[in-house]
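Here's a structure for you.
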Amino acid sequence: MTAMVKAERVHKSYGAVQVLKGIDLEVAPREVFCLIGPSGSGKSTFLRCINHLEKINSGRLYVDGELVGYRQQGNKLYELKDREVAAKRRDIGMVFQRFNLFPHMTAVENVMEAPIQVKRESKAVARERALKLLDRVGLGDKAGNYPSQLSGGQQQRVAIARALAMEPKLMLFDEPTSALDPELVGDVLDVMRGLAEDGMTMVVVTHEMGFAREVGDSVVFMDDGVVVESGHPRDVLTNPQHERTKSFLSKVL
């Protein structure tokens with residue numbers, strides 16, 4: 001079976017600062033893969049490399065068996081044109097810390113926008129799916145509301161519905177609950193649990209250890225640009241082998 005995400009010796013630098021120092025990992029189809037670690041460890045940068053929002057400096061990164069952002073001829077890599085990158089990116093949904101909704105559009109219009117603009121879907125088809133997706137994230141009654149009329153948690157659930165509207169085969173979540181008030185976190189995590197139950201492949205950068213333990217199939221602890229420890233959530237979170245992992249978890253659990 002082809003891995004949904006495969007990283008081989010992935011390096012990423014900003015100038016002289018090495019952010020990723022040779023990441024090797026694999027995410028299987030239908031797997032919920034959680035990345036944990038302190039701020040600045042490279043988790044979000046790696047996530048952004050998966051859909052080529054950040055370009056890697058060396059190594060190989062594949063999604064569903066295809067190179068991300070490049071094509072290979074012989075031993076050389078050639079960067080794809082922006083249009084080709086955008087076409088590949090359609091299959092990858094991404095949910096950010098900040099919801100990035102269009103403020104002048106209602107919830108349903110936000111969800112409809114990409115399928116209409118990118119896939120050239122008719123408004124009727126896009127609207128029907130958008131309403132179903134808003135229902136799925138528990139916001140069927142908020143379709144006509146503007147972002148300013150929604151709580152942070154509701155906006156984040158609209159953002160998830162928007163990502164799902166493109167029918168992706170992979171979903172990336174970059175600390176989707178970190179900007180939310182604590183009482184709003186649960187609703188967003190419930191939606192993500194539902195996606196996991198439906199078999200969506202997800203890579204989740206998170207500080208929510210309970211979610212990683214309950215829903216994750218694998219947990220990777222990153223620090224200083226490297227994978228320190230990885231395995232089943234039960235093993236990594238309750239019986240970590242590395243001192244650095246133990247130290248981190250003692251502060252967050």
Side-chain angles (χ1 to χ4, degrees), residues 1-8 10 12 20 23-36 42-56 59-71 80 82-97 99-100 111 113-115 117-119 121 129-130 132-133 136-137 156-177 188-206 208 211-212 215-220 222 227 230 233:
M1 185 172 17
T2 305
M4 184 57 80
V5 179
K6 184 174 188 181
E8 298 176 344
V10 168
K12 170 69 183 173
L20 301 176
I23 300 292
D24 288 290
L25 53 80
E26 276 190 32
V27 182
R30 302 176 72 85
E31 184 173 14
V32 179
F33 191 93
C34 295
L35 291 167
I36 65 169
K43 310 180 300 295
S44 294
T45 299
F46 176 70
L47 201 71
R48 293 170 67 86
C49 289
I50 295 175
N51 64 359
H52 206 58
L53 285 176
E54 298 284 357
K55 298 173 187 180
I56 65 176
R60 297 282 190 277
L61 194 48
Y62 301 87
V63 170
D64 203 15
E66 292 190 8
L67 272 172
V68 172
Y70 300 90
R71 61 186 166 79
L80 297 177
D82 288 347
R83 193 177 67 247
E84 296 171 293
V85 172
K88 300 253 170 133
R89 210 179 267 147
R90 290 179 195 180
D91 292 331
I92 305 172
M94 184 149 186
V95 178
F96 300 88
Q97 279 178 318
F99 330 120
N100 300 335
V111 179
E113 182 70 359
Q117 297 298 334
V118 180
K119 287 186 166 179
E121 274 184 10
R129 185 186 307 115
K132 282 182 182 161
L133 286 169
R136 183 177 178 182
V137 300
Q156 191 61 295
R157 284 184 280 154
V158 173
I160 294 172
R162 180 179 60 182
L164 292 172
M166 290 295 284
E167 301 180 306
K169 54 189 171 189
L170 169 66
M171 284 283 282
L172 309 177
F173 292 88
D174 188 8
E175 298 188 22
T177 58
V188 173
L189 294 180
D190 284 345
V191 169
M192 294 169 66
R193 278 190 195 92
L195 291 178
E197 286 162 12
D198 291 344
M200 175 62 76
T201 310
M202 304 199 291
V203 182
V204 185
V205 172
T206 186
E208 301 289 340
F211 176 85
V215 185
D217 297 301
S218 304
V219 167
V220 162
M222 281 178 68
V227 171
S230 63

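Being a predicted model, the structure only gives us computed values, none of them experimental.
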Check your understanding: So, for Asp217 and Pro233, which heavy atoms are closest and what is the spacing to 0.1 Å?
Key ->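 For Asp217 versus Pro233, the nearest heavy atoms are O-CD, 3.4 Å.
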Check your understanding: Rounded to the nearest 0.5 Å, what separation is found between the CG atom of Leu172 and the CD1 atom of Ile92?
Key -> 6.0 Å
Check your understanding: Any idea which heavy atoms bring Ala161 and Leu133 closest together, and the distance?
Key -> O-CD1, 3.5 Å
Check your understanding: Should we say atom NZ of Lys55 is surrounded by more than 12 heavy atoms from elsewhere, each under 6.0 Å from it?
Key ->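 Not more than 12 within 6.0 Å, no.
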Check your understanding: Should Val204 and Phe211 be marked as a side chain to side chain contact (heavy atoms under 4.5 Å, CB included) after you check the CA-CA gap, both sets of side-chain angles, and the distance that decides it?
Key -> CA-CA 10 Å; Val204 185; Phe211 176 85; 4.2 Å; yes
Exercise for review: Indicate yes or no: at least one non-hydrogen side-chain atom of Glu208 is less than 4.5 angstrom from one of Val215.
Suggested key: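 No, side chains not in contact.
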Exercise for review: Sequence neighbours left out, what passes side chain to side chain contact (heavy atoms under 4.5 Å, CB included) with Pro168? Give chain and number order.
Suggested key: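 Listed in chain order: Met171, Met200.
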Check your understanding: Is the shortest side-chain N to carboxylate O distance from Glu84 to Arg71 below 4.0 Å?
Key ->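 Arg71 and Glu84: not salt-bridged.
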Point to revise | Qualifying residues under side chain to side chain contact (heavy atoms under 4.5 Å, CB included), relative to Asp174, sequence neighbours excluded | key: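 By the side chain to side chain contact (heavy atoms under 4.5 Å, CB included) rule, Asp174 matches Ser44, Leu47, Met94, Val205.
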Review point. Would you call Leu170 and Asp64 a side-chain contact if the rule is heavy atoms closer than 4.5 Å?
Key: no
Exercise for review: Kindly give the heavy-atom pair with the smallest separation between Thr201 and Met4, and that separation in Å.
Suggested key: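 Here Thr201 and Met4 meet closest at CG2-CG, 3.7 Å.
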Point to revise | With Tyr70 via ring pair (Phe, Tyr, Trp, His ring centres under 6.0 Å) - residues at least two apart | key: His52
Check your understanding: Within the side chain of Arg157, is there an N or O that forms a donor-acceptor pair under 3.5 Å with the backbone of Val137?
Key -> yes
Exercise for review: Under the salt bridge (charged side-chain N to carboxylate O under 4.0 Å, His left out) rule, collect the residues that match up with Glu8, sequence neighbours excluded.
Suggested key: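 For Glu8, the residues satisfying salt bridge (charged side-chain N to carboxylate O under 4.0 Å, His left out) (neighbours in sequence not counted) are Lys6.
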Review point. Measuring from Tyr62:OH to Thr2:OG1, what's the distance to the nearest 0.5 Å?
Key: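 Reported to 0.5 Å precision, the distance equals 12.0 Å.
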Practice item. Mark yes or no for whether Lys88, through its side chain, and Gly69, through its backbone, hold a donor-acceptor pair below 3.5 Å. Key: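 Not at all, since once roles are kept as given, no pair shorter than 3.5 Å links the two residues.
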Study note, to complete from the structure: Distance col, row Leu195:CG vs Met202:CE, nearest 0.5 angstrom, shows 5.5 Å
Review point. How many angstroms lie between atom OG1 of Thr206 and atom CE of Met192, to the nearest 0.5 angstrom?
Key: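 It comes to 6.5 Å.
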Check your understanding: Which pair of non-hydrogen atoms, one from Val95 and one from Pro176, has the smallest distance, and what is that distance?
Key -> CG1-CB, 4.3 Å
**Study point:** Spacing of CD belonging to Gln156 relative to CZ belonging to Arg162, to within rounding of 0.5 Å
**Key:**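 It comes to 9.0 Å.
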Practice item. With sequence neighbours excluded, tell me which residues meet salt bridge (charged side-chain N to carboxylate O under 4.0 Å, His left out) with Asp91. Key: Lys169
Point to revise | Criterion side chain to side chain contact (heavy atoms under 4.5 Å, CB included) on Leu20 and Glu54, from CA distance to verdict | key: CA-CA 12 Å; Leu20 301 176; Glu54 298 284 357; over 6 Å; no
Practice item. List the atom of Lys12, the atom of Ile56, and the distance in Å for their closest heavy-atom pair. Key: CD-CA, 4.4 Å
Check your understanding: Closest heavy-atom contact between Ala159 and Phe99?
Key ->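 So the minimum-distance heavy-atom pair works out to CB-O, 4.0 Å.
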Point to revise | From CG (Leu53) to CZ (Arg48), nearest 0.5 Å | key: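 Between atom CG of Leu53 and atom CZ of Arg48 there are 5.0 Å.
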Listing, residues 24-36 side-chain donor-acceptor contacts under 3.5 Å, not counting sequence neighbours, or none:
unit_1: Asp24; atom_1: OD1; unit_2: Arg9; atom_2: N; d: 2.9
unit_1: Glu31; atom_1: OE1; unit_2: Ala28; atom_2: N; d: 2.6
unit_1: Glu31; atom_1: OE2; unit_2: Ser218; atom_2: OG; d: 2.3

Point to revise | Ala165 backbone acceptor or donor facing Arg129 side chain under 3.5 Å | key: yes
Exercise for review: Tell me, yes or no, whether the heavy-atom count around Asp82 atom CG, taken from other residues, nucleotides or ligands under 6.0 Å, exceeds 12.
Suggested key: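 Result for CG/Asp82: open.
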